[in-house]
Amino acid sequence: MSADASKPPLLGTAREWTIDLSVAVVIGILLGLMGPFGSFFNDGPAVRVAYWVCSVAFGMVLFGTLTRLGAAAARRLGLPDWAALAPVILAGTVLLGGPLRLFAIAFWPGVIEAVPVAAWFGQCLAISTPLVVGAYFLRARQAGQAGQTSARPAVIPSLAPTPSDATPSVDTSNVLYLRMEDHYVRIRTEQGSRLEMGPLARVIAMLAGIEGLQTHRSWWVARRAIAGVVRDGRNLRLRLVDGETAPVSRASVAKLRAAGWLADDAE
């Protein structure tokens, strides 16, 4: 579908990576000058800065990739992005610690005896955790501000109210469902799909008059899009006409039953 061309890259844009690596260089310079974990006594500031800049840049690439992949996996499971933070931090620390230790030994062979392996990975964890968590909440805050700034009728031309003497470019009755993808909302219609900056509530408000319900914190579904109900243990999902399945949160089950959407679902 041509509308999918607006989908943001899974691993981020060039602009995002430029910002990430620029921040990594600044942090590396500061750490090189401060010399944490005893590195202050290793050579002069130039060598320390070179070591820390390379280390933080490598970590930024590794954790930046893992964070984006982890967030995508969490969304596929119907979980919030932050649910991936702990696994990403632990996995990234394991993957980062080994190469960085070899890198440090190349600079300062005495590291082998001065810093035991367990202490080394503990230091990596101590540095990685605040950086990853801080980067996540900073990016989430920026996305929220962007969503508020863009919260005006013209943001979604195909769904926005139009003057009475104008012809709407898209019939909103063709909308099948809305789905959050990172900080964007995918608008699925009979003709295709497109992405727009969230939040989800703003896009839902533009669909007044369409029979539909929010089934999950990241999903809104039009009733006409439902092809069936799928039960997986205690979990329910709605099978949609395009082959997708929409999660139903436990808090939404009663609401959907009251609306008659789950009438055929066995208790």
Side-chain angles (χ1 to χ4, degrees), residues 1-16 67-81 83-84 139-140 142-144 146-162 166-230 232 235-249 252 256 259 261:
M1 306 170 195
S2 59
D4 287 343
S6 60
K7 184 176 180 178
L10 174 64
L11 296 181
T13 64
R15 180 177 181 275
E16 290 174 341
T67 299
R68 289 170 171 88
L69 292 176
R75 290 192 296 274
R76 288 185 65 86
L77 296 174
L79 301 173
D81 289 5
R139 191 158 284 162
Q142 290 173 339
Q148 294 175 0
T149 301
S150 59
R152 54 182 183 277
V155 168
I156 304 181
S158 60
L159 300 179
T162 57
T167 301
S169 59
V170 173
D171 183 357
T172 56
S173 64
N174 287 332
V175 175
L176 298 176
Y177 59 80
L178 307 177
R179 181 181 70 202
M180 287 297 299
E181 295 185 9
D182 199 0
H183 305 300
Y184 296 83
V185 178
R186 179 169 294 282
I187 305 168
R188 180 69 165 88
T189 69
E190 292 179 349
Q191 290 75 31
S193 66
R194 60 174 297 173
L195 286 172
E196 294 294 343
M197 182 70 75
L200 180 63
R202 175 174 59 79
V203 184
I204 292 176
M206 295 180 181
L207 302 178
I210 301 178
E211 185 179 6
L213 290 172
Q214 186 168 352
T215 65
H216 185 272
R217 69 170 64 193
S218 59
W219 281 78
W220 178 95
V221 178
R223 183 161 189 169
R224 59 188 293 274
I226 300 175
V229 179
V230 179
D232 180 14
N235 299 319
L236 292 177
R237 300 181 71 87
L238 301 178
R239 189 172 70 253
L240 307 179
V241 294
D242 67 343
E244 288 279 0
T245 57
V248 178
S249 67
S252 299
L256 268 62
W261 288 28

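Hydrogens, waters and symmetry mates are skipped; everything else that's a heavy atom, side chains included, is used.
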A.B. asks: Is it true that a side-chain atom of Thr215 and a backbone atom of Trp220 form a donor plus acceptor pair closer than 3.5 Å?
C.D. replies: no
A.B. asks: For the residue pair Arg239 and Ile226, establish whether any side-chain heavy-atom pair is separated by less than 4.5 Å.
C.D. replies: no
A.B. asks: Locate the shortest heavy-atom distance separating His216 from Pro247; write the atom from each residue and the value.
C.D. replies: CB-O, 3.6 Å
A.B. asks: Hey, are the side chains of Asn174 and Gln191 touching, using non-hydrogen atoms and a 4.5 Å cut-off?
C.D. replies: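 Asn174 vs Gln191: side chains touch.
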A.B. asks: Closest heavy-atom contact between Ala84 and Ala71?
C.D. replies: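 Shortest heavy-atom contact: CB-N, 4.0 Å.
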A.B. asks: Within a strict 4.5 Å, meaning less than it, do heavy atoms of the Val248 and Asn235 side chains meet?
C.D. replies: no
A.B. asks: Please tell me if the side chains of Val175 and Leu207 come closer than 4.5 Å, counting only heavy atoms from C-beta onward.
C.D. replies: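 Yes, their side chains come closer than 4.5 Å.
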A.B. asks: Does Glu16 come within less than 4.0 Å of Arg68, counting only side-chain N to carboxylate O?
C.D. replies: yes
A.B. asks: Are side-chain heavy atoms of Leu240 and Trp219 found at a separation under 4.5 Å?
C.D. replies: yes
A.B. asks: Not counting sequence neighbours, which residues clear salt bridge (charged side-chain N to carboxylate O under 4.0 Å, His left out) with Arg223? List them please.
C.D. replies: Glu211
A.B. asks: Ignoring hydrogens, what is the shortest heavy-atom contact between Leu176 and Ala225? Give both atom names and the distance.
C.D. replies: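 It is O-CB, 3.4 Å.
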A.B. asks: Using the side chain to side chain contact (heavy atoms under 4.5 Å, CB included) rule, take Leu238 and Val230 through it: C-alpha gap first, then chi angles, then the decisive distance, then the call.
C.D. replies: CA-CA 6 Å; Leu238 301 178; Val230 179; over 6 Å; no
A.B. asks: State, with a plain yes or no, whether a side-chain heavy atom of Leu213 is found less than 4.5 Å away from one of Val221.
C.D. replies: no
A.B. asks: Locate the shortest heavy-atom distance separating Glu181 from Leu195; write the atom from each residue and the value.
C.D. replies: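 Closest approach of Glu181 to Leu195: OE1-CD2, 3.9 Å.
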A.B. asks: Please give me the minimum heavy-atom distance between Gln214 and Arg217, naming the atom from each residue.
C.D. replies: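 The pair with the smallest heavy-atom distance is NE2-O, 3.4 Å.
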A.B. asks: So Arg179 and Glu244, do their side chains get closer than 4.5 Å, heavy atoms only?
C.D. replies: yes
